[in-house]
Amino acid sequence: PALSVIEVDAKYLPLAKYLLQHVFIAENEPSIEWFNKESNGSVILEKHGKYVKGKYSLTGGSVGLFEGKKIGRVKNLEKISQDVIASEYIVNGLKSEIQARHNEVISFNEQLKEQAIRQVQEDINRLNNQLFAIQNKTENLNGMREASLKRMEELRSQVQITQESIVETRNNAQHLLNEVNELKQEISLSQEQYSLAEVAFNIAQAEFNEMNLQVIQQKNQISALMQEREFRNKQLSELKIQIEDNQFQLEQTRQQTTESNESLLNLEGELLGLLRKKEEEENRLNEADQAYYLKRNNLNEQESALRNLIRQKDNSEHILSEIKDRLNDLKLKLAGMKERLNVEFRINLDDIIDEMRTDDLPIDVLQEKADRMKKRLENLGEVNPTAVEAFQEMKRRFDFIVEQKNDLVNAKDTLLQTIQEVETTANSQFLDTFERVRENFQKVFKALFTEEDTADLVLENPENLAETGIDIVAKPKGKRPSSIQQLSGGEKTLTATALLFAIYLIKPAPFCILDEVDAPLDDANVGKFTNMIRQFSDNSQFIIVTHNKMTMSSVDVIYGVTMQEVGVSKLVPVDFRSLTAQES
């Protein structure tokens, strides 16, 4: 195992175990069967520079001359040794070949011609050159081997120096850790001092706000009194102008009164003359009325006599018309009977009307028989000559009703399809909006509480989105309530505020009014609430009705409602933005 080869400090031992727990250093290459059965994702590093992981292998390390990895240099030295052995083998073969050629030259020197000797000599020279080249290459490889050995010695010395520097670095790191602990203690003391200073600053700021509010109230009172004084002065000047106008109008009215009195006297004289004429005309009118009423009485008596005569005439005409109607009915019945006898029985009424009766049956029996026949005829019904037209009309009506029915069925199917599409779209939009509200609720809830607190919105019946209810799940840290009613008043308020802003963030409005939302909250939760309001105020303007001083201290503008006089309310605005700008 690689952990048995390296040295690790105790504090870094978990990290080393995590990184090297599956790393092994092998003497020889492991078999494929070992990887298939026992490797379990292990990493094998061989001494020759071969890197093996799982079922696959990768030859690692560098074989260059100037690389700085130890495994690469070992591989390079091994390769150089192999090249030297191969070169020596080639040199020995060439030497033996040269010696054989030389022996052949000596044995056949006399038999060969001068040109063949020259050719052999050239071959010998070429082989000698190759020999010299191989010897040079061998010397170069030996030199490289010696240089690599020297480099290895240098690397060993560098490793020794590096280990010494590591020890020194560990000592420095321990010293720095001690300094960091001291700095942490100083920071904690500074934070305590800062918290105390912040509390004092908040108290001073609250006192400053109260004093500033009183100063602004006094200024507003002074400005109100000045405005009232200007209004009173303006009213006084307007009253003086009105008095002058009234005096001028009074003089005009007096002149008009004198003129009216004179004209009134003249009109009284004319009125007396008109009254005398009125009495005379009334007497004449009374006489004319008496004559009119006498003539009217005579006319009424004559009209009543005339009406009696007309009534008698109408009665006589009515009786005469009834007689004529009965005569016409009898004539019609007689004509109908005559025609019926002629058509149905082929009997002429004129021929038998003067004949004597030959049947002995009484009239009652004949009448009863005739009534039975009439009933049978009535039961058979009359012949309808317009039956075909009525049938065609009923058929057209039936076809129209069938067509209307088909239209209604198609309309019903279309309407049901539309309802289905609307329900699908509504459910999709509802789920989309619900998921967005749910995400916003979780974010805002964690912002109002802590990151470790959890909240969620759960559908009671996801299968029926039109009638499903929604459960609000709120679990502050350290609590596991089974119902939201088990939360405290402040926690309920923060949960309701989180849900409100989760819905509000779906489509923010330009204005948002909150009425005493922070009433059940303590100071810490009020701070979280005001921070959230300030964060969301970049997109909307918030109007908060509150009695909490911390909320008042974090707003931009305050509008206070006071009652300086009984029954008279007054608005006192305080703009902190202008004060902040003046301070800056």
Side-chain angles (χ1 to χ4, degrees), residues 321 325 328-329 332-333 335-337 339-340 342-344 370-445 455-474 483-485 495-515 536 539-543:
S321 63
D325 291 337
N328 291 328
D329 290 338
L332 291 173
K333 287 181 180 180
M337 187 178 293
E339 183 178 1
R340 184 177 178 185
N342 189 17
V343 172
E344 294 181 2
D371 292 337
R372 286 200 303 271
M373 293 297 179
K374 286 181 180 179
K375 289 181 179 179
R376 288 182 66 184
L377 289 174
E378 289 176 358
N379 291 330
L380 291 175
E382 298 179 355
V383 177
N384 186 9
T386 62
V388 176
E389 289 81 4
F391 172 77
Q392 293 177 354
E393 181 67 24
M394 291 299 292
K395 187 175 184 303
R396 286 195 296 270
R397 182 64 178 169
F398 175 77
D399 295 337
F400 177 77
I401 291 173
V402 169
E403 184 179 359
Q404 292 293 320
K405 176 189 174 184
N406 294 330
D407 292 339
L408 289 174
V409 171
N410 295 330
K412 176 185 176 183
D413 296 335
T414 305
L415 185 60
L416 291 175
Q417 185 178 1
T418 304
I419 291 171
Q420 185 65 30
E421 292 176 358
V422 169
E423 289 181 353
T424 303
T425 305
N427 292 337
S428 177
Q429 293 183 355
F430 173 77
L431 289 176
D432 185 21
T433 305
F434 175 78
E435 289 298 327
R436 293 167 61 190
V437 171
R438 181 168 171 264
E439 294 176 1
N440 293 335
F441 177 66
Q442 293 174 353
K443 293 179 182 178
V444 178
F445 185 87
D456 199 359
L457 298 176
V458 180
L459 295 175
E460 292 180 354
N461 187 7
E463 302 297 329
N464 188 5
L465 296 178
E467 298 179 359
T468 183
I470 298 176
D471 286 336
I472 302 174
V473 180
S483 173
I484 197 171
Q485 300 297 330
T495 305
T497 304
L499 180 60
L500 174 65
F501 278 95
I503 300 172
Y504 175 78
L505 289 175
I506 298 299
K507 189 177 181 181
F511 292 94
C512 182
I513 301 176
L514 303 175
D515 188 5
F536 292 150
N539 298 322
S540 300
Q541 186 172 1
F542 289 88
I543 301 173

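All heavy atoms count here, side chains included; hydrogens, waters and symmetry mates do not.
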Which atom pair, heavy atoms only, marks the closest approach of Q442 to D456? NE2-OD1, 3.4 Å

Sub-4.5 Å side-chain heavy-atom contact between E460 and I470: no

Matching residue for V444 among L505, L500, T497 - test: side-chain contact (heavy atoms from CB on, under 4.5 Å): L505

Over 60° means perpendicular and under 30° means parallel, so classify the ring planes of F434 and F430, tilted if in between. parallel

Straight-line distance of E389 CD to Q392 CD, nearest 0.5 Å: 6.5 Å

Would V437 and L457 count as a side-chain contact (heavy atoms from CB on, under 4.5 Å) here? Give the steps. CA-CA 9 Å; V437 171; L457 298 176; 3.9 Å; yes

Non-hydrogen atoms of N461 and T468 that approach each other most closely: N-OG1, 2.8 Å

Distance-only, no hydrogens or angles: does the S540 side chain make a donor-acceptor pair with backbone N or O of P510 under 3.5 Å? no

Donor-acceptor pair, side chain of S428 and main chain of T424, under 3.5 angstrom: no

N464 side, atom CG; E467 side, atom CD - distance, nearest 0.5 Å: 4.5 Å

Ionic contact status for R436 with E439, cut-off 4.0 Å: no

Name of the residue among N440, L499, T495, I472 meeting side-chain contact (heavy atoms from CB on, under 4.5 Å) with F445: T495

Go through the steps to decide whether F501 and F536 satisfy the test ring pair (Phe, Tyr, Trp, His ring centres under 6.0 Å), and finish with yes or no. CA-CA 9 Å; F501 278 95; F536 292 150; 5.4 Å; yes

Interatomic spacing from CG in D432 to CD1 in I506 - rounded to 0.5 Å: 8.0 Å

Q541 side, atom CD; I513 side, atom CD1 - distance, nearest 0.5 Å: 10.0 Å

Give me the atom names and distance for the closest heavy-atom approach of A455 to F441. CB-CE2, 3.4 Å

How long is the span from the CZ atom in F400 to the NZ atom in K405, to the nearest 0.5 Å? 15.0 Å

Just do the side-chain contact (heavy atoms from CB on, under 4.5 Å) check on R396 and D399 with the steps written out, would you? CA-CA 5 Å; R396 286 195 296 270; D399 295 337; 5.5 Å; no

If you measure from NZ on K412 to CG on N406, what distance do you get to the nearest 0.5 Å? 13.0 Å

